[in-house]
Asks: 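The structure that follows is given in the form of structure tokens.
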Amino acid sequence: MPPRHTLRRGAAVLITMLASALVTGCAGWDPISDPPADPEMQPLEVVVNSDTQPETPCLLNVNEVRAGEHPVSIIGVSGFTRVKIIDEDHRVVFRGDNAGQRITTNDAGEVTIHAAEGEAEDTGPAARLEAGTFTVQCRPEDGEPGGATLRVLPARPGHEPASTAP
């Protein structure tokens, strides 16, 4: 018969493996979370002058999407801010601001984003993006300006956006 400490160690390893599998399995089956966004319609969130990442004044919730129409929410932590999305040919394909939108933080540090009047709570105007590399320019009234790169892959078959060519 193996020593008692070997049996305990084996049981501890088995329990750890089972707990890990259970947590991973439950995370994959989370009825509370929203399903992943369709990459051709993935909402874009632009956070300008985040308190948590001050070294990056223009943050995106994703670095890559697929060609399509994407709602854009602009969150200006330092106040009023303008955002432009510029294509590889230096054309502005989206222009917006966070006029009327505000952010509040409660005593527990929880942040609430309040949409501008007449704007949906979680989405803003849409940007129609074709495949390519885009520059997102953030220009706040107060705080540091910045930029971010957004890569747009071609749409998957059956998801091709309507052409915006004249």
Asks: Okay, side chain of Asn98, backbone of Thr81: is any donor-acceptor separation there less than 3.5 Å?
Replies: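 Yes.
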Asks: Who else is in the cluster with Met41 when I, L, V, M, F, W and Y are joined by side-chain contacts under 4.5 Å?
Replies: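 Members besides Met41: none; it forms no cluster.
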Asks: Using atom types as modelled and distance alone, determine if a side-chain donor or acceptor of Glu88 lies under 3.5 Å from a backbone N or O of Thr133.
Replies: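 Yes.
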Asks: Heavy-atom count check: over 12 atoms from other residues, nucleotides or ligands less than 6.0 Å from Gln137 CD?
Replies: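 For Gln137, atom CD is crowded (more than 12 foreign heavy atoms under 6.0 Å).
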Asks: What closest approach, in Å, do Ala148 and Cys58 show between heavy atoms, and which atom pair accounts for it?
Replies: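 Result for this residue pair: CB-O, 3.6 Å.
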Asks: Should Val62 and Leu153 be counted in the same cluster of Ile, Leu, Val, Met, Phe, Trp and Tyr side chains packed under 4.5 Å apart?
Replies: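 In one cluster with Val62: Leu153, no.
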Asks: Any sub-3.5 Å donor-acceptor pair from His70's side-chain atoms to Ala127's backbone N or O?
Replies: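 Pair absent, no side-chain N/O of His70 close to backbone of Ala127.
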Asks: Indicate the atoms forming the closest heavy-atom contact of Ala67 with Ala131, along with that distance.
Replies: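 Scanning both residues, the minimum pair turns out to be CB-N, 3.9 Å.
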Asks: Could you state the interatomic distance from CD (Glu45) to CG (Leu59), rounded to the nearest 0.5 Å?
Replies: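 Going from the CD atom of Glu45 to the CG atom of Leu59 covers 11.0 Å.
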Asks: State, yes or no, whether a side-chain contact exists between Glu55 and Gln53 at a heavy-atom distance under 4.5 Å.
Replies: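 In short, these two side chains touch, coming nearer than 4.5 Å.
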Asks: So do the side chains of Val93 and Ile86 get within less than 4.5 Å of each other, counting heavy atoms only?
Replies: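 No, every pair of side-chain atoms sits at 4.5 Å or beyond.
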Asks: Treating Ser50 as the side-chain partner and Thr52 as the backbone partner, does any N or O pair qualify as donor plus acceptor under 3.5 Å?
Replies: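 Yes: the side chain of Ser50 pairs with the backbone of Thr52.
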Asks: Minimum heavy-atom separation for Arg139 to Gly146, with atom names?
Replies: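 Result for this residue pair: NH1-O, 3.2 Å.
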Asks: Report the C-alpha distance between Glu64 and Val152 in whole Å, list the side-chain angles of each, state the deciding distance to 0.1 Å, and finish with yes or no for side chain to side chain contact (heavy atoms under 4.5 Å, CB included).
Replies: CA-CA 6 Å; Glu64 187 175 274; Val152 179; over 6 Å; no
Asks: If you round to the nearest 0.5 Å, how far is CD1 of Ile74 from CG of Leu44?
Replies: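 The distance works out to 10.5 Å.
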Asks: Which atom pair, heavy atoms only, marks the closest approach of Asn61 to Pro43?
Replies: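 Residues Asn61 and Pro43, closest heavy atoms: ND2-O, 3.1 Å.
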Asks: Would you say the side-chain atoms of Arg66 pair up with the backbone N or O of Pro154, donor to acceptor, closer than 3.5 Å?
Replies: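 Side chain of Arg66 to backbone of Pro154, a donor-acceptor pair under 3.5 Å: yes, one is there.
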Asks: Before giving the answer on side chain to side chain contact (heavy atoms under 4.5 Å, CB included), spell out for Ile75 and Val46 the whole-Å C-alpha distance, their side-chain angles and the decisive distance to 0.1 Å.
Replies: CA-CA 6 Å; Ile75 304 158; Val46 184; over 6 Å; no
Asks: Could you tell me whether the side chain of Asp38 and the main chain of Glu40 form a donor-acceptor pair under 3.5 Å?
Replies: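 Yes.
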Asks: Please evaluate residues Phe134 and Thr149 with respect to the criterion side chain to side chain contact (heavy atoms under 4.5 Å, CB included), reporting the C-alpha separation (whole Å), side-chain torsions for both, the decisive distance (0.1 Å), and the verdict.
Replies: CA-CA 6 Å; Phe134 294 80; Thr149 301; over 6 Å; no
Asks: Going through the distances and angles, do Leu60 and Val136 end up as a side chain to side chain contact (heavy atoms under 4.5 Å, CB included)?
Replies: CA-CA 9 Å; Leu60 301 176; Val136 180; 4.1 Å; yes
Asks: Taking the side chain as every heavy atom from C-beta outward, state whether Val48 and Pro140 have any atom pair closer than 4.5 Å.
Replies: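 Yes, close enough: below the 4.5 Å cut-off.
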Asks: Looking at every heavy atom in both Asn49 and Asp142, which two are closest together, and how far apart are they?
Replies: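 That closest heavy-atom pairing would be ND2-O, 3.6 Å.
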Asks: Sort and list the pairs that fulfil disulfide (SG to SG under 2.5 Å) and have at least one residue in residues 66-97, not counting sequence neighbours.
Replies: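 Matches after skipping sequence neighbours: none remain.
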